[in-house]
**Student:** 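Questions regarding the structure given below will be posed in turn.
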There are 2 protein chains.
Amino acid sequence: MAERDKRGTAERLGPDDWARAALAALAEGGLGAVAVEPVAVRLGVSKGSFYWHFANRRALVEAALAQWEAGTERVIARLESLDEPVTRMRTLLDLAFGDAENAAISFRLISEVDDPLVGEVVRRVSRRRLDFMQEVLRELGQPEGEARRRVLAAYGGYLGLAALVRIGAADEVPGSLVDLAMAELGLPPAAPS
Amino acid sequence: MAERDKRGTAERLGPDDWARAALAALAEGGLGAVAVEPVAVRLGVSKGSFYWHFANRRALVEAALAQWEAGTERVIARLESLDEPVTRMRTLLDLAFGDAENAAISFRLISEVDDPLVGEVVRRVSRRRLDFMQEVLRELGQPEGEARRRVLAAYGGYLGLAALVRIGAADEVPGSLVDLAMAELGLPPAAPS
DNA sequence: CGGCCTCCATACGGTTGCGTATGGAGGCGA
DNA sequence: TCGCCTCCATACGCAACCGTATGGAGGCCG
């Protein structure tokens, strides 16, 4: 792994490193924490470095959002290699309920949807996720309206439960919640591995 | 200053007015928007007024949180006047899914749960709401674990759907979602009015 | 070896928000 | 009327952050 210690060994930074650090700051402190100087401190460098790689703070936020969106695309691409629709959906749910950090970022970004930059990406990513899930249900023969309603309930439930876990109201989402979500989607609860 | 009717009828302000304005700022711009000077501008006064009523910004945030918590207590007190448990739950869901602004505030606060002030109140309010719902299900004879699981799914679904509405993924929660939530709770969907 | 290019540090001015100090306008009782 | 109390305005110092300017260390290449 790349040593991320202080500037001991003079590792050079690229825009991706800044975007990654910006996402970490976003998850911890919200959009307001994605500030140039604090993120620079987090990386162990100064602002001078930042303004070499980026024009301004806006560009950093855009890079962070792009990296977050790319993560969603990566997951979807990985899921599309699975032939069986039911397995695809169950793997999606496992990934979604398992990645608490990404859920936290999603939560932060949704609450910050009034920001024009954030809003555009959040809407696009959410639509992408919902459409993907709906397509899986369509392959399984569910009618359009029914599938849409179930997908909204399932994705909304995912977001909300992630919130409850975050505040400690629900300790560590039990595996049965994946089954519950599968049931809401009209799919069999047990994995046919 | 010849101009002084900027504030209309309410000439003098009290702490409650500041707390209300702070909640409005919170819903719009998040916790970071609960700043002294912007809220003062919102009320049409200056900082000098604020520091008469409050010691510092922290006190303003605390007052806003207290007012938000009081709203939850007010709703619960109103619900407890209803004798029939099923009616109580259905009225609760109608109120919850109907008040989009309060859902937005809940969302903002949950995403800001790392803040010690916010975290304490958010956890207490969430526990209060969950316990109240669980108690209703218990009155209806549902076993403890089952009730807890259903309440978590329902409250999580509420939060998540509010998020989807907020980003425009689900346009205007249809009334059928209340029925869906009732079904998740193991209760009859139709109101017996 | 000398020049250039990349990446980063330092220093500066501008803006915004926090908190304090001080004073002023208006109501109210003596 | 006088004096006091309440509520608010103005002015100031301080800190955090944005963006710019400028220079410097180290690698690469002629």
**Student:** Could you give the CZ-to-C1' distance, from B:R57 to C:dG17, as a whole number of Å?
**Tutor:** 10 Å
**Student:** On the nucleotide C:dC8, are OP1 or OP2 found under 4.0 Å from the side-chain N or O atoms that A:H53 carries?
**Tutor:** yes
**Student:** I need the minimum non-hydrogen distance between A:R57 and A:L31, along with the two atoms involved.
**Tutor:** NH1-O, 3.9 Å
**Student:** Expressed in angstrom and rounded to an integer, what is the separation of A:F50 atom CZ from D:dT20 atom P?
**Tutor:** 11 Å
**Student:** Is the phosphate of C:dC8, meaning OP1 or OP2, less than 4.0 Å from a side-chain N or O of A:W52?
**Tutor:** no
**Student:** Starting at the 5' end of DNA chain C and moving along, which residue's nearest nucleotide shows up first, B:N56 or A:S49?
**Tutor:** A:S49
**Student:** Does B:F132 belong to the same Ile/Leu/Val/Met/Phe/Trp/Tyr cluster as B:L95, with side-chain heavy atoms less than 4.5 Å apart forming each link?
**Tutor:** yes
**Student:** Using whole Å, what does the distance between atom C1' of nucleotide D:dC7 and atom CG of B:D17 come to?
**Tutor:** 13 Å
**Student:** Closest nucleotide of DNA chain D for A:A55 versus for A:P38: which of these residues is on the 5' side?
**Tutor:** A:P38
**Student:** Of the candidate nucleotides D:dC18, C:dA9, C:dC8, which contains the atom at the shortest distance from the side chain of A:S46?
**Tutor:** C:dA9
**Student:** Please tell me which of the listed nucleotides, D:dC18, D:dC8, C:dC18, lies nearest to the side chain of A:E37?
**Tutor:** D:dC18
**Student:** Look at the side chain of A:K47 and decide which nucleotide, out of C:dA11, C:dC8, D:dA9, has an atom nearest to it.
**Tutor:** C:dA11
**Student:** With a 3.5 Å cut-off and no angle check, do the side chains of A:T72 and A:R128 form a donor-acceptor pair?
**Tutor:** no
**Student:** Nearest whole angstrom, please: distance from the P of D:dC17 to the CZ of A:R42.
**Tutor:** 12 Å
**Student:** Okay, side chain of B:S81, backbone of B:R78: is any donor-acceptor separation there less than 3.5 Å?
**Tutor:** yes
**Student:** Would you mind reading off the distance between B:F54 atom CZ and D:dC7 atom C1', rounded to a whole angstrom?
**Tutor:** 14 Å
